[in-house]
Amino acid sequence: MQVIFHIGAHCTGHDRLVRSLLKNRDMLADYGVVVPGPGRYRKVLSEALKRLRGAPASQESEDLLIETVVETDAADRVILSNESFICMAPKVLDDGKIYGRIEKSAWLRNAFPSARTEFALSLRNFATFLPALYEKIGGDFTEANAFLRGIDPVELSWVDVVAGLRAANPDCPILVWCDEDTPLLWSEIMREIAGLDGTAKIEGANDMARRLMSQEGNRRMRRYLDRKPPRTENTRRRVLAAFLSKYAEDAEIEQEILLPGWTEDLIEDLTRNYDEDLEEIAAMPGVKVLTP
């Protein structure tokens with residue numbers, strides 16, 4: 001059995017992935033892919049992790065956990081998603097770095113020691129990730145420095161996170177994509193996580209693009225796709241990009257920088273670092289980076 005852990009990151013709309021995949025529950029079942037509802041496993045798995053504290057589960061414990069999490073005996077691939085698998089949002093910057101406890105990802109793998117484990121992770125430019133995280137945990141604008149805990153945001157690196165994930169789980173494939181690219185990559189992300197080839201038809205392939213567009217844009221795009229179904233992923237992406245360019249609502253695509261004291265120069269530095277991080281991550285062995 002394969003177990004895919006979608007571990008976040010926070011503020012990258014991770015629950016939307018579960019909702020889109022669940023639209024395909026019956027079809028996925030035909031391929032032996034199971035997407036349990038989060039309520040079925042998050043508490044149970046959390047309790048198991050606390051009990052095991054990183055030690056491999058016994059065969060009996062693993063069998064019991066699988067029986068609790070999975071609704072069928074015919075599961076070949078199980079997808080589990082939780083942005084707080086590694087830590088809760090207020091602890092993301094603990095230890096003076098981003099996801100400093102990424103090594104706890106091995107606890108997840110050891111909960112299912114007989115399974116072939118994979119990890120999936122969405123990244124986001126720190127220029128918007130940190131303000132979004134600040135807002136998520138209910139930060140007060142006057143306490144931005146306390147929120148950053150003295151960390152220089154320029155020193156933060158997604159390379160450290162992915163390298164730490166790889167070091168803790170050297171035999172586990174890792175799938176990475178950018179949150180900024182999800183409207184165009186959504187169908188590919190869903191297929192990759194579900195282990196499907198590019199020919200599999202899926203529902204919800206345009207969910208992320210549609211949420212960014214006006215009602216008029218959605219109506220026009222639906223009519224266009226009904227008349228001219230795209231034959232390839234590249235064609236579909238070009239269609240989505242064209243409609244997003246014309247009908248995306250500013251409130252949905254504009255990500256205001258909320259942390260006081262941040263300058264345009266800092267934002268440019270963070271964006272440049274993000275691009276460099278992605279190049280380095282793409283070169284890591286065992287890591288697959290999805291790009292439009």
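For clarity, every value in this text was computed on a predicted model and none was experimentally measured.
Using a 4.5 Å cut-off on side-chain heavy atoms (C-beta onward), Glu62 and Ile66 make contact. Annotation: side chain of Gln2 is not in contact with side chain of Thr117 (no heavy-atom distance under 4.5 Å). The closest side-chain heavy-atom distance from Leu108 to Phe119 is below 4.5 Å. Counting heavy atoms from C-beta outward, Glu83 and Lys136 have side chains that approach closer than 4.5 Å. Within the 4.5 Å cutoff, no side-chain heavy atoms of Phe126 are placed close to those of Leu266. Residues Leu270 and Val154 have side chains in contact (heavy-atom distance under 4.5 Å, counting atoms from C-beta outward). Annotation: side chain of Ile7 is in contact with side chain of Ile102 (closest heavy-atom distance under 4.5 Å). Ile79 places none of its side-chain heavy atoms less than 4.5 Å from the side chain of Val34.
Under a 3.5 Å cut-off, the side chain of Asp277 and the backbone N or O of Ser157 do not form any donor-acceptor pair. A donor-acceptor pair under 3.5 Å links the side-chain atoms of Arg191 to the main chain of Ala200, judged by distance alone. When atom types are taken as modelled, the side chain of Arg124 and the backbone of His10 share no donor-acceptor pair closer than 3.5 angstrom. Of the possible polar contacts, none joining the Arg116 side chain to the Ile4 backbone as a donor-acceptor pair under 3.5 Å is found. Within the 3.5 Å criterion, the main-chain N or O of Leu80 finds no donor-acceptor partner in the side chain of Arg42. Side-chain N or O atoms of Tyr41 include one that pairs as donor or acceptor with a backbone N or O of Ser81 at under 3.5 Å.
Between the CZ atom of Arg166 and the CD1 atom of Ile281 there is a distance of 13.5 Å, given to the nearest 0.5 Å. With rounding to the nearest 0.5 Å, the separation of OG in Ser122 from CD in Glu180 is 7.5 Å. Atom CZ of Phe85 sits about 12.0 Å away from atom NZ of Lys104, to the nearest 0.5 Å. The distance from atom CZ of Phe243 to atom OG of Ser245, rounded to the nearest 0.5 Å, is 11.0 Å. Within the model, atoms CG of Asn169 and CH2 of Trp107 stand 13.5 Å from one another, a figure rounded to the nearest 0.5 Å. Separating the CG atom in Asn273 from the CG atom in Asn125 is a distance of 9.0 Å, to the nearest 0.5 Å.
Ion pair Glu233/Arg236 flagged as a salt bridge, since at least one NZ, NE, NH1 or NH2 atom sits closer than 4.0 Å to an Asp/Glu carboxylate oxygen. Arg272 has a carboxylate O that lies under 4.0 Å from a charged side-chain N of Asp269, or vice versa, which qualifies the two as a salt bridge. At a threshold of 4.0 Å, the pair Asp152-Lys97 does not count as salt-bridged, since none of the basic side-chain nitrogens sits closer than that to a carboxylate oxygen. A salt bridge is defined here as a Lys NZ or Arg NE, NH1 or NH2 lying under 4.0 Å from an Asp or Glu carboxylate O, and Arg77 with Glu118 meets this definition. Salt bridge absent: Arg19 and Asp207 never bring a charged side-chain N and a carboxylate O closer than 4.0 Å. We find that Glu203 and Arg25 are not joined by a salt bridge, their nearest charged nitrogen and carboxylate oxygen being 4.0 Å or further apart.
Under the 4.5 Å side-chain heavy-atom criterion for grouping Ile, Leu, Val, Met, Phe, Trp and Tyr, Trp262 is connected to Leu93 within one hydrophobic cluster. The same ILVMFWY cluster, assembled from side-chain heavy atoms under 4.5 Å apart, contains both Ile86 and Ile151. Taking hydrophobic clusters as Ile, Leu, Val, Met, Phe, Trp and Tyr residues chained together by side-chain heavy-atom distances below 4.5 Å, Trp177 shares a cluster with Ile202. The cluster map of Ile, Leu, Val, Met, Phe, Trp and Tyr, joined by side-chain heavy atoms under 4.5 Å apart, puts Met27 and Val33 in the same cluster. Hydrophobic clustering keeps Met190 apart from Val176 (ILVMFWY residues linked when any side-chain heavy atoms are closer than 4.5 Å, directly or through intermediates).
Looking at Asn234 and Thr232, their side chains never bring a donor and an acceptor atom within 3.5 Å of each other. No donor-acceptor contact under 3.5 angstrom links the side chains of Gln215 and Tyr247, judged on distance only. Between the side chains of Trp186 and Ser20, at least one donor N or O sits under 3.5 Å from an acceptor N or O.
Each of Asp181, Leu185, Thr182, Leu184 was scored for a side-chain contact (heavy atoms from CB on, under 4.5 Å) with Leu290, with one residue passing: Leu185.
By the 6.0 Å contact criterion, CZ on Arg231 is open, its count of non-hydrogen atoms from other residues, nucleotides or ligands being 12 or less. Heavy-atom neighbours of Glu216 CD from other residues, nucleotides or ligands within 6.0 Å: above the threshold of 12. Shown here is Arg149, whose CZ atom has more than 12 heavy atoms of other residues, nucleotides or ligands within 6.0 Å.
Ring centroids of Phe129 and Trp158 are separated by less than 6.0 Å, placing the two rings close together.
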Subject >> Leu165 vs Ile174, side chain to side chain contact (heavy atoms under 4.5 Å, CB included): CA-CA, chis, key distance, verdict >> reply: CA-CA 8 Å; Leu165 180 61; Ile174 300 170; 3.8 Å; yes
Original post:
What do the steps show when you test Asn82 against Leu45 for side chain to side chain contact (heavy atoms under 4.5 Å, CB included), and what is the final call?
Top reply: CA-CA 11 Å; Asn82 187 353; Leu45 182 54; over 6 Å; no
**OP:** Apply the test side chain to side chain contact (heavy atoms under 4.5 Å, CB included) to residues Leu121 and Leu123: give CA-CA distance (whole Å), side-chain angles for both, the deciding distance (0.1 Å), then the verdict.
**Re:** CA-CA 6 Å; Leu121 177 65; Leu123 309 181; 3.6 Å; yes
Original post:
How far apart are the C-alpha atoms of Arg220 and Lys246, what are their side-chain angles, what is the distance that settles it, and do they pass the side chain to side chain contact (heavy atoms under 4.5 Å, CB included) test?
Top reply: CA-CA 11 Å; Arg220 288 178 177 270; Lys246 187 171 184 179; 5.9 Å; no
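Listed here is the closest heavy atom pair of Ala111 and Leu49: CB-CD2, 4.1 Å. Between Ala194 and Leu28, the shortest heavy-atom contact is CB-CD2, 3.8 Å. In terms of heavy-atom proximity, Arg40 sits nearest to Pro36 at CD-CB, 4.3 Å. The two atoms that bring Ala120 and Ile193 nearest to each other are CB-CD1, 3.9 Å, heavy atoms only. When all heavy atoms of Pro183 and Leu244 are compared, the pair lying nearest together is CB-CD1, 4.0 Å. Considering every non-hydrogen atom in both Asp197 and Thr199, the closest pair reads OD1-OG1, 2.5 Å.
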